[in-house]
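Data first, discussion second: the structure below is written as structure tokens.
We name chains A, B, ... by the order of the sequence lines, and we start the count at 1 in each one. Computed from heavy atoms alone, side chains included, the values below leave out hydrogens, waters and symmetry copies.
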Protein chains: 4
Amino acid sequence: MKSELRKKIGEFIESQKIQRIIITLIIINSITIGMETFDSVMEKYGTILLTIDRAILFIFVIEIILKLFAFRLSFFKNAWNVFDFVIVAIALFPASGIFAVLRSLRILRTLRLLKTVPRLRFIIEALLRTLPSLGWIFVLLMLVIYVFAVIGTKLFGNTFPEWFGTLWLTMFTLFQIMTLEGWAEIARALMTHYPISVFYFLLFILIASYTALNIFIAVVVNTMNEIEKKNEELEMKNLEKIIKSEKSELREEIFSLKNEIQNLREDLKKIK
Amino acid sequence: MKSELRKKIGEFIESQKIQRIIITLIIINSITIGMETFDSVMEKYGTILLTIDRAILFIFVIEIILKLFAFRLSFFKNAWNVFDFVIVAIALFPASGIFAVLRSLRILRTLRLLKTVPRLRFIIEALLRTLPSLGWIFVLLMLVIYVFAVIGTKLFGNTFPEWFGTLWLTMFTLFQIMTLEGWAEIARALMTHYPISVFYFLLFILIASYTALNIFIAVVVNTMNEIEKKNEELEMKNLEKIIKSEKSELREEIFSLKNEIQNLREDLKKIK
Amino acid sequence: MKSELRKKIGEFIESQKIQRIIITLIIINSITIGMETFDSVMEKYGTILLTIDRAILFIFVIEIILKLFAFRLSFFKNAWNVFDFVIVAIALFPASGIFAVLRSLRILRTLRLLKTVPRLRFIIEALLRTLPSLGWIFVLLMLVIYVFAVIGTKLFGNTFPEWFGTLWLTMFTLFQIMTLEGWAEIARALMTHYPISVFYFLLFILIASYTALNIFIAVVVNTMNEIEKKNEELEMKNLEKIIKSEKSELREEIFSLKNEIQNLREDLKKIK
Amino acid sequence: MKSELRKKIGEFIESQKIQRIIITLIIINSITIGMETFDSVMEKYGTILLTIDRAILFIFVIEIILKLFAFRLSFFKNAWNVFDFVIVAIALFPASGIFAVLRSLRILRTLRLLKTVPRLRFIIEALLRTLPSLGWIFVLLMLVIYVFAVIGTKLFGNTFPEWFGTLWLTMFTLFQIMTLEGWAEIARALMTHYPISVFYFLLFILIASYTALNIFIAVVVNTMNEIEKKNEELEMKNLEKIIKSEKSELREEIFSLKNEIQNLREDLKKIK
């Protein structure tokens with residue numbers, strides 16, 4: 001009985017109709033949360049916006065409760081569901097005191113679209129799939145930044161505390177230099193005190209950008225490779241088909257040859 | 001009668017000779033509009049430049065009227081024609097009051113070259129064709145910017161109204177950060193007030209540049225893929241040809257075999 | 001007689017030994033010209049450096065005179081030779097008055113390495129070969145900049161003469177914006193006066209970077225394509241070889257079959 | 001006797017267990033050296049950190065001594081070993097006076113991870129392998145910078161000593177311009193004095209970024225090419241297999257044909 005109810009609710013909540021309503025509600029909610037940032041709008045329509053927000057949140061909570069009822073713990077096996085659960089749960093925290101920041105995280109609900117709209121979900125999953133191949137190059141980049149950060153903090157920390165004061169600050173500065181944003185200004189300032197520091201900067205830029213370049217290439221190559229494999233499989237299948245059809249024609253020829261010989265044999269028998 | 005006149009006018013207006021004259025006129029017009037921006041030139045040759053401009057506009061209007069007469073409503077079926085029509089129409093508005101801005105849009109007429117010069121038209125159409133494949137990644141990027149913008153406005157809006165004052169301003173700031181232009185200056189200013197904001201910036205830069213990277217890759221892969229497909233089709237045809245020619249040689253061999261057997265049979269008959 | 005002398009001189013001047021000496025001289029000369037930029041070095045060794053410079057120039061002039069004698073007008077048929085000729089000729093101009101700038105162009109002689117070192121020559125020729133494929137996209141980019149420049153000059157020229165004062169200045173500013181360098185500063189300044197200008201900037205950045213991206217892709221695709229073609233040709237040859245060898249084996253089988261039948265026939269004849 | 005001891009020690013020191021301990025020690029050491037940069041941490045735990053540092057260094061020294069004993073001079077044949085040796089040796093220098101800088105280089109020990117962690121070692125070796133293919137394009141880029149630097153120093157050195165004062169400074173400025181960081185500011189400053197200098201900048205940016213673009217493409221193409229070769233070899237093997245299996249089937253057919261003929265022959269013999 002109960003398990004049947006579960007199945008029905010599961011089917012209902014995942015039906016295309018309900019999903020479309022959910023998508024619409026997410027979009028409406030995203031807009032209302034965005035509108036809440038405008039003080040003038042809040043003055044006029046503040047209560048309406050907050051009511052809509054609470055109503056939609058209520059529906060989302062019910063949706064998740066129904067899903068939890070329908071799929072029980074297997075609900076949490078799907079990473080997307082956990083994602084949904086956390087995002088909705090955030091909104092239920094009391095939005096005061098230390099949790100005030102959490103209130104602004106309500107907008108993360110917009111990200112539920114990533115799960116609900118199939119095309120976006122597909123892209124996200126593709127992006128996430130290429131991430132692991134970047135893992136070790138990323139570790140390498142972190143190592144490079146860490147090593148340069150320790151050296152930079154020790155050598156320049158006292159003279160330029162603004163940029164190289166602590167290990168964290170130096171790492172931030174190196175990240176900034178890696179993005180090539182304002183690196184020359186920093187380098188020129190340091191070069192007046194430590195002329196040798198120019199090698200520190202050049203070396204870091206060359207190594208970091210070369211590594212970053214290879215991160216980039218890894219992504220491109222990965223993607224291309226996957227596509228190519230599919231193409232080649234297709235190509236192989238086509239070729240196999242061609243070769244097979246050619247072969248079967250040859251086979252027919254050989255078969256007709258056999259027939260001829262058979263006929264010959266029968267002719268011989270007749271002679272006999 | 002009238003339909004024949006239509007056909008003739010249609011052929012005349014699309015003849016290569018007329019098209020070349022139109023291209024020349026567009027280029028001349030582009031130059032004169034460019035020259036109009038120099039005050040010193042306007043003082044001396046202002047009337048001449050404006051006369052040329054009006055004369056060329058007159059010709060363009062006649063061209064479009066003739067085309068409208070020749071192709072009637074099917075004229076608007078071609079997107080390029082609509083583009084032409086709008087660009088010429090802009091110039092006919094009264095260039096005063098609110099429409100003063102429109103006057104400076106006359107230079108858009110230069111873009112008629114995109115349609116008239118075949119090579120440019122080819123490139124534009126190729127560029128437009130790759131756009132749809134970017135669609136959803138672009139939507140994703142917009143979502144990311146929107147979510148970060150709402151959070152940014154709420155958290156930093158009061159302290160740094162210059163950058164995060166309104167949702168629009170924050171979105172602009174985030175776009176700026178995505179181009180990596182001056183991001184460090186903004187991040188350093190915020191970090192003095194909100195040390196935690198460093199994660200906001202790092203996260204946004206990583207996500208946005210990774211997404212943008214994938215937009216880029218999508219274009220590359222698309223282009224490469226299309227070219228590769230053509231290459232592979234060519235390759236497949238070549239291979240098919242080779243296999244077929246090999247097969248036909250084998251077939252001939254088999255055919256000669258059949259002949260041998262035929263001969264054998266006839267020999268046998270003779271015995272008989 | 002004379003033609004034989006010509007041939008001998010031609011061979012002599014293009015012999016590997018002489019070429020190596022020339023390369024060494026170019027490198028020495030590049031270094032001495034570089035050293036001339038240091039005032040302290042010039043004070044001490046000025047006369048020596050200038051003497052070396054003149055001596056090497058003298059040798060270069062003689063080299064070219066010998067080449068001109070050996071190959072006569074066909075010397076100018078090779079673009080690299082013309083390049084050499086112009087670069088050496090520059091140094092012979094009187095280095096005073098208006099031509100003072102030309103003196104600093106003596107360093108262009110370093111570029112003779114591009115011709116003389118085979119590997120560099122190969123790269124340069126490869127780079128130049130990919131240029132034409134960029135031609136029309138480059139024209140498109142120019143068109144986009146020109147159109148935006150005319151609009152920008154007209155709309156913002158009066159308020160921000162520093163950036164949009166003349167058509168040239170606006171084109172420079174747009175080029176700067178295209179490199180994303182300091183674009184936000186300019187955009188923010190304009191947005192305080194013309195809020196609408198944000199679309200001008202966003203549109204330009206999107207269009208220009210998308211076009212530039214496609215220039216980049218055109219180069220990549222071109223290079224990849226060329227390499228791929230070579231690879232595929234190789235692959236096709238390999239495949240053809242495999243198919244042919246397989247076929248020849250089948251042929252042999254068929255040939256042995258024929259032999260069998262031949263034997264059969266002879267057996268029959270014996271019966272007869 | 002001794003050679004056996006050598007072998008045993010060699011096996012022991014390179015055993016997975018010992019390697020894991022070394023990796024752990026490197027990571028711990030990297031963290032402690034990083035912590036030393038925080039003054040507050042040093043005040044409290046300074047002696048502990050330095051003791052750990054010395055202890056780990058001691059173990060590293062013993063490791064290398066054992067390796068030297070085990071492999072003797074062949075130890076230095078492996079570039080990674082030389083790398084290890086130098087990094088550990090640095091730490092043994094007296095860390096005072098001129099060598100104070102060397103102390104901060106202790107963090108380079110972290111880079112021992114590059115050798116010890118197989119995945120990182122693999123990436124590093126892959127990165128190093130693509131470097132040579134960049135060699136000559138890099139030389140070309142250096143040439144371009146050098147030539148522009150000499151011209152820039154001569155023409156603008158007196159007016160803008162801050163940017164173009166010496167050859168080195170100009171080369172640094174050109175490197176900065178190549179990264180597009182703050183180039184517009186420099187260019188605008190120069191253009192007020194030398195309007196012609198705009199061509200210097202545009203030309204340099206176009207040439208340098210086009211060359212850099214080609215460095216990038218060289219890496220991509222190289223990587224892609226290597227992967228493709230592997231793919232194609234695989235593909236060729238597959239195809240060969242298909243063709244061979246098809247052929248063997250045809251062969252069987254022909255074999256059965258032979259049998260038929262053989263039978264025919266025997267029939268004939270019976271007649272005889």
Step by step, would you call Thr37(D) with Thr166(A) a side chain to side chain contact (heavy atoms under 4.5 Å, CB included)? CA-CA 7 Å; Thr37(D) 62; Thr166(A) 67; over 6 Å; no
Start with the C-alpha gap between Val117(D) and Val139(A), add the side-chain angles, then the distance that decides, and say whether side chain to side chain contact (heavy atoms under 4.5 Å, CB included) holds. CA-CA 11 Å; Val117(D) 181; Val139(A) 167; over 6 Å; no
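Separation of atoms CZ (Arg188(A)) and CZ (Phe172(D)) is listed at 5.0 Å; rounding is to 0.5 Å.
For a residue to count as touching a neighbouring chain, one of its non-hydrogen atoms must lie under 4.5 Å from one of that chain's; by this rule Leu143(A) touches chain D with the side chain only. For Arg109(D), no part sits under 4.5 Å from any heavy atom of chain A, backbone or side chain. Only the side chain of Val198(A) comes within contact range of chain D, with heavy atoms under 4.5 Å apart. If you measure heavy-atom distances from Leu180(D) to chain A, you find no contacts under 4.5 Å at all. Ile33(D) touches chain A through backbone and side chain together, each having a heavy atom under 4.5 Å away. With a 4.5 Å cut-off on non-hydrogen atoms, Ile196(A) does not touch chain D at all.
Other residues, nucleotides and ligands contribute only 12 or fewer heavy atoms inside 6.0 Å of the CZ atom of Phe138(D). Shown here is Arg121(D), whose CZ atom has more than 12 heavy atoms of other residues, nucleotides or ligands within 6.0 Å. Residue Leu206(A) qualifies as enclosed at atom CG: its count of foreign heavy atoms under 6.0 Å is above 12.
Phe201(A) has its side chain out of reach of Phe175(D): every pair of non-hydrogen atoms, C-beta onward, lies at least 4.5 Å apart. Using a 4.5 Å cut-off on side-chain heavy atoms (C-beta onward), Ile107(D) and Phe148(A) make no contact.
Across every non-hydrogen atom of Leu127(D) and Tyr210(A), the tightest pair is O-OH, 3.4 Å. Closest heavy-atom contact between Trp183(A) and Gln176(D): CZ2-CA, 3.7 Å.
Salt-bridge check for Glu36(D) with Lys154(A): passed, with a basic side-chain N closer than 4.0 Å to an acidic carboxylate O.
Looking at Glu181(D), its side chain does come within 3.5 Å of a backbone N or O of Gly182(A) through a donor-acceptor pair. In this structure a side-chain-to-backbone donor-acceptor pair under 3.5 Å is present from Tyr146(A) to Ser30(D).
Aromatic pair Phe199(A)/Trp168(D): centroids not less than 6.0 angstrom apart.
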